[in-house]
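Single-structure report; data block below.
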Number of protein chains: 2
Amino acid sequence: MGSVSNLGANLAALRDHNAAVVLGLLRDAGEGGASRAELAARSGLTPQAVSKITARLRADGFAAEAGRRLSTGGKPATALRLVPGAGRAVGVHVERDAVTAAVVDLAGAVVATRAVALSSGATAETLVGVVAEEVRALVEGGGVLGVGVAAPGPLDHVGGVLRDVTGFPHWSGFPLRDALAERLGLPVVLDKDTNAAALGLLRSAPREPGSFAYLHLGTGLGAGLVLGGEVHRGARTGAGEFGHQVLRLDGPPCPCGRRGCLEVLCLRAVADGDTALAARLLGVGAANLVQLLDIDRVLLGGRTALADPDPYVRGVRAELPASVPVAVAPGGERVVVEGAAELVLAPLFGAGRAGRVLAPAAP
Amino acid sequence: MGSVSNLGANLAALRDHNAAVVLGLLRDAGEGGASRAELAARSGLTPQAVSKITARLRADGFAAEAGRRLSTGGKPATALRLVPGAGRAVGVHVERDAVTAAVVDLAGAVVATRAVALSSGATAETLVGVVAEEVRALVEGGGVLGVGVAAPGPLDHVGGVLRDVTGFPHWSGFPLRDALAERLGLPVVLDKDTNAAALGLLRSAPREPGSFAYLHLGTGLGAGLVLGGEVHRGARTGAGEFGHQVLRLDGPPCPCGRRGCLEVLCLRAVADGDTALAARLLGVGAANLVQLLDIDRVLLGGRTALADPDPYVRGVRAELPASVPVAVAPGGERVVVEGAAELVLAPLFGAGRAGRVLAPAAP
DNA sequence: GCGCTTACGCAACAGCGTTGCCAAAGTGGT
DNA sequence: ACCACTTTGGCAACGCTGTTGCGTAAGCGC
């Protein structure tokens, strides 16, 4: 079977799982909160189980009562809500020329932001220093659960190692996650910028169907894929190489070694100012992807697409079935930083762990 | 978060999960079986928990002791193995011109097979009758857990409904699963033929990495995708439309409404006898897919590919990174029937349910 | 024969969600 | 005002889970 779900589960895992499920429902419920009975209905747990679980969450400070609802014919429900301040996470967006960081509370609201430019020839050590400095400035309040770092791909999410980032060959192989974790004394998660964006978008629209593609058109062309409510990374975090699909056999050569890649064609059209062609190409690639994976909707982002979004939305929409909505990713560039923070928060809420819902027994 | 994993879990779910995990490990262990200590190490469960779980499995007839291992310095281990005869499943492969069925035991071994031709204008009711007849002839021994049906797409796996199967427009919308289930009095699962094949291949090589693509080149061109050890179907079982990716902008029109689809180009090359071109086209499509999803390996199947496999394997391999192995899917056409049976068996062994490892409490 | 290691079961246990029951607090009919 | 009813939610006892501590079986090496 799979390499992952061969794992047994114990009572502690059961408890943690249910706590995360309830916490996730509380977060999705937002400001209004949710009553114990609602939580029971949505989770499939018994009302009594929910009472016990929420009692633990309240004792730990993660949840609190928040007034009464109107009666629906019986005793009025007591609303419970997430206590946003019970924990924080830092998201860091590493770009080729800048580092942006933000602290986010449990509800996903941005508490503070920082940004700093990155000199063009920065070494990996310099990068660690800059990021550590930004994070330190943000975590002074304490209560920070961890740091999520979104960086340009390719990279290794599992190992936390950078690969051959275009323009920064000397970063290749650098264990950014562990270096940062040691320097900061905090847990660190590393992922591709497009994956972080997809995670952020997943968070901001939890009620939407389970799969979408975030297409990022900036200096390159990549994608973040959410399949079945989970970010799909692939074994080596290599998924999302959306730009390197061949759309024109024997087309112009691409640095990746093949010919007629979407990225080459599309970026050339952008350079030529032919936005309509670029949009059409993007649409054809999106249609390939949507057909292949049966994806529910498409979101566009990236500096180039955001600078003049309408023709891209129209062009992509024209190539897709009418059943697949196309829109600009809300939040602009901000989704990457927030998604990076979400890399830390998601496990608390029972997301991002479908394959390992139940961890093995502690050693 | 996802639409699926908002579900809480109770002790019954915990027990079932662990039982399935252990049963899956026993099946993967094959003839030789596995000791309780090995099961404990692989599952992460306590040895004592494994003892209890295997005691239940033995009491239910699913597992049995199978001799002693050699000592490794202490008390020799007692091997446990799956009892293959404890349950059976029927797999049915519906093609446009034939129906094949097979009974399979818990270990996946084929116990009996049947095949019958299907007249070209068969109605959906005729199909139900033919399939029911084949299944009835096979289940006489009893102990059958369910029936898995693999049919040409598109179809709806969740609803168990056929869609517009090429050449059989009158099948569209027919609820094959429920019709069969009622007629047979057995649980029925319906899935696309390519997905069944992928599931069968996943079963036959459980130790391999977690993702692969099964590319099926026959009268059409489709794919079965296994991502992270799970078959990826998409929300509407529409995933795997591998043949309708555009490889040549403004190429020849395709019945799907677009132009330059891989399927059109590839089938035309096949019709022209230009196997090398067909193979190269298949390879380019495969490379697009491998890059997009970070897939570990590629398996080829389908009548056309199997008739003359070498050029296809070579052609596809030439377009892929060297790190991605390409091979002919072992078992030929047989994988579809066996995979269909696996649709029934997989849930017993803890596979195919990563998103719903823990079911909600019983109503 | 002795010490050591490994495999595994028995018994007591802590902790999980469940069940049965009851109190609280509204609505709506009379 | 009163009563019947509905809905919310807690308390206590319970059944069942995997865990822990310890004892026993059964091999190896010296």
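In the text below, chain A, chain B and the rest are named by the order of the sequence lines, each starting its count at 1. Atoms considered below: every heavy atom in the structure, side chains included; atoms not considered: hydrogens, waters and symmetry mates.
Here C/dA25 is the nucleotide among C/dA25, C/dA7, D/dG18 with the atom lying nearest to any side-chain atom of A/K75. For A/K52, the listed nucleotide lying nearest its side chain is C/dT18; candidates were D/dT8, C/dT6, C/dT18. Of all nucleotides listed (D/dG18, C/dC8, C/dG26), C/dG26 comes nearest to the side chain of A/R68.
Checking the phosphate oxygens (OP1, OP2) of C/dG17, a side-chain nitrogen or oxygen of A/N18 falls inside 4.0 Å. Here A/R69 does not reach the OP1 or OP2 of D/dT8: none of its side-chain N or O atoms lies under 4.0 Å away. For the OP1/OP2 pair of D/dT8 and a distance below 4.0 Å, the side-chain nitrogens and oxygens of A/T78 include no atom meeting the criterion.
When rounded to the nearest whole Å, the span between CG of B/L45 and C1' of D/dT17 equals 11 Å. Rounded to whole angstrom, the span from the CG atom of B/L14 across to the C1' atom of D/dC16 amounts to 10 Å. The separation between A/R36 atom CZ and D/dC11 atom C1' is 14 Å, rounded to whole Å. The CG-P distance, from A/L11 to C/dC13, rounds to 17 Å in whole Å. Separating the CG atom of B/N10 from the C1' atom of C/dG15 is a distance of 15 Å, rounded to the nearest angstrom. Straight-line distance from the CZ atom of A/R15 to the C1' atom of C/dT18: 18 Å, rounded to whole Å. Put simply, CD on A/E65 is 15 Å from P on D/dT8, counting in whole angstrom units. We find that CD1 of B/I53 is positioned 12 Å from P of C/dG9, with the value rounded to whole Å.
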Test B/E38 against B/L25 for side chain to side chain contact (heavy atoms under 4.5 Å, CB included), laying out the working first.
-> CA-CA 9 Å; B/E38 284 164 8; B/L25 290 172; over 6 Å; no

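Between the side chain of B/Q48 and the base of C/dC10, at least one donor-acceptor pair of N or O atoms lies under 3.5 Å.
Among all heavy-atom pairs drawn from A/R177 and A/V158, the shortest one is NH1-O, 2.9 Å. Listed here is the closest heavy atom pair of A/A40 and A/V50: CA-CG2, 3.6 Å.
Residues B/H157 and B/V189 meet the side-chain proximity criterion, which asks for heavy atoms closer than 4.5 Å. Using a 4.5 Å cut-off on side-chain heavy atoms (C-beta onward), A/R233 and B/D294 make no contact.
The residue B/P76 sits close only to the backbone: its heavy atoms come under 4.0 Å of sugar-phosphate atoms, none of a base.
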